[in-house]
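Structure record follows, encoded as structure tokens.
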Amino acid sequence: MSDRWIEVADRVWARRLEELDQTLGLVVGDECCLVIDTGITADAGFAYATAIRELTDLPWQVAYTHDHFDHWFGTAAFGESAVWAVADGAHYVSFGDEQRQKWVAKYRLKGREEDARRMAASRLVPPNCRVQGAIGLNLGGRTVVLRQAGLAHSDNDMVVEVPDAGVLFAGDLLKQGAPPSYTSAYPIEWPQAVEYLLSWKPKVVVPGHGEPGDYWWARAQERDLAEVSRLCTEVAQGFLTEDEAAEHGPFGPDSMREAIARWKELTPPAPEPAPRPDPARTPPPPVVVYEVFDYQVDLTQ
């Protein structure tokens, strides 16, 4: 598959990439456009920016759906612009450096030296505009909504709603063609976040990876996410073993085990039971002596 555009609505595009089967987004208004995620390296970002210029010459703003490297390491190619995200810039820089070191090492172990070089050379661009709750962004004749999703695929997910076109850019809250990643997710809260975000019934839902789908496809995946949450809960309650849950997980055994491991990582350990007293060492209760008072009541008055 080569990189290609899919026009999902009037002046709303999804950019399908061969690398990581990723899906980026573009929403064009009358005065500016919104770029949704930027790819895995500055070189990939430059290719994306060049493709955008084939569609529009309007100034752009950038939105990060979350802090995983493949969604924002390409932003240096977009120059100076407003960059919107839920987490702050300091978090992006710190976490970005950790991810870059990890992936550069991983590429080199696989013999992909050129990919490692591209990633190591990519300048990281942290967000400079914070989204808390939801904001409406006027692109000129068209308003998009940047909405904080809460705890789900990560602790800083953000979706982009295009109400006049009926399009939802869901980032990695939803994925087509591969199981969702639970590595840094919140398995219990994730389906609740997706259910809320689908409440306005968008016609088109664009995932962070894979082909765009419709509302009913997204609802079906939300039900699978809810099943993962339920299985994690039943493991916690002792109704199921981890092996039983893995065998019946909707996304396959590996994904279910990853979800359980993440749930256990997030769950605080049970408190240690209080030690039982040793009767031989327990002193007897104190003896309380009450004084008896002799009194009379004069009833003649």
Side-chain angles (χ1 to χ4, degrees), residues 6-16 21-27 34 36-37 63-68 71 84-87 131-137 139 142-182 184-233 249-252 255-256 259 262-263:
I6 301 174
E7 189 170 8
V8 296
D10 178 39
R11 297 181 297 164
V12 183
W13 286 270
R15 181 69 173 174
R16 295 284 288 114
D21 196 27
Q22 193 170 17
T23 307
L24 312 179
L26 176 68
V27 183
L34 180 67
I36 302 166
D37 292 335
Y64 294 159
T65 58
H66 62 296
D67 60 3
H68 293 168
H71 295 264
W84 300 86
V86 168
V131 176
Q132 293 181 306
I135 67 163
L137 193 61
L139 303 180
R142 161 175 274 171
T143 298
V144 298
V145 179
L146 310 182
R147 188 180 302 280
Q148 183 177 7
L151 302 177
H153 173 68
S154 72
D155 62 2
N156 60 95
D157 291 298
M158 184 177 76
V159 301
V160 178
E161 300 170 356
V162 191
D164 69 331
V167 178
L168 171 68
F169 286 91
D172 282 5
L173 290 173
L174 296 169
K175 185 181 286 189
Q176 181 89 278
S181 171
Y182 281 93
S184 57
Y186 293 78
I188 306 302
E189 294 86 348
W190 192 341
Q192 302 167 31
V194 174
E195 182 178 15
Y196 171 73
L197 295 168
L198 293 176
S199 61
W200 65 287
K201 293 185 69 174
K203 298 175 185 177
V204 179
V205 181
V206 181
H209 299 264
E211 294 288 314
D214 62 9
Y215 165 75
W216 294 104
W217 162 77
R219 268 195 62 172
Q221 186 157 126
E222 184 275 327
R223 287 196 295 270
D224 287 342
L225 292 168
E227 177 67 4
V228 171
S229 174
R230 186 179 71 83
L231 290 172
C232 285
T233 301
F251 300 115
S255 182
M256 192 65 228
R262 175 60 175 164
W263 161 76

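In this chain, numbering begins with 1 at the start of the sequence shown. Predicted model only: the values in this text are computed from it and were never measured.
Across all their heavy atoms, Gln148 and Val86 have their closest contact at NE2-CG1, 3.6 Å. Between Pro212 and Ala14, the closest heavy-atom pair is CG-CB, 4.1 Å. Across all their heavy atoms, Pro187 and Trp263 have their closest contact at CG-N, 4.1 Å. In terms of heavy-atom proximity, Asp157 sits nearest to Gly150 at OD2-O, 4.1 Å. The shortest heavy-atom contact between Gly213 and Trp217 is CA-CE3, 3.8 Å. Summarising the geometry of Leu146 relative to Val131, their closest heavy-atom pair is O-CG1, 3.8 Å, with the distance given to 0.1 Å.
Judged by distance alone, the side chain of Arg147 and the main-chain N or O of Gly133 form no donor-acceptor pair under 3.5 Å. At least one donor-acceptor pair closer than 3.5 Å links the side chain of Asn156 to the backbone N or O of Asp67.
Side chains of Arg142 and Val162 form a contact here, defined as non-hydrogen atoms less than 4.5 Å apart. Here the side chains of Pro163 and Thr143 are not in contact, with every heavy-atom distance at 4.5 Å or above. Between Arg15 and Leu26, the closest side-chain pair of non-hydrogen atoms is not below 4.5 Å. Thr65 is listed as a side-chain neighbour of Ile36, based on a closest heavy-atom distance under 4.5 Å. Looking at Met256 and Cys232, their side chains come closer than 4.5 Å, going by heavy atoms from C-beta outward. Looking only at side-chain heavy atoms (C-beta outward), His71 and Gln22 come within less than 4.5 Å of each other.
Taking Ala193 as the reference, Ala152 meet the side-chain contact (heavy atoms from CB on, under 4.5 Å) condition, with sequence neighbours excluded.
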Atom pairs and distances, donor-acceptor, side-chain atoms in residues 197-207, under 3.5 Å, two or more places apart:
residue : atom : partner : partner atom : Å
Ser199  : OG   : Tyr196  : O            : 2.7
Trp200  : NE1  : Leu197  : O            : 3.2

Assess the residue pair Arg219 and Glu222 against the criterion (salt bridge (charged side-chain N to carboxylate O under 4.0 Å, His left out)); give the C-alpha distance rounded to whole Å, side-chain angles, the decisive distance to 0.1 Å, and a yes or no. CA-CA 5 Å; Arg219 268 195 62 172; Glu222 184 275 327; 5.8 Å; no
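For residues 144-170, the pairs satisfying ring-ring contact (aromatic ring centres under 6.0 Å, His included) are His66-His153, His68-His153, His153-Trp190, with sequence neighbours left out.
Considering CD of Glu161 and CG of Leu168, their distance stands at 6.0 Å, rounded to 0.5 Å.
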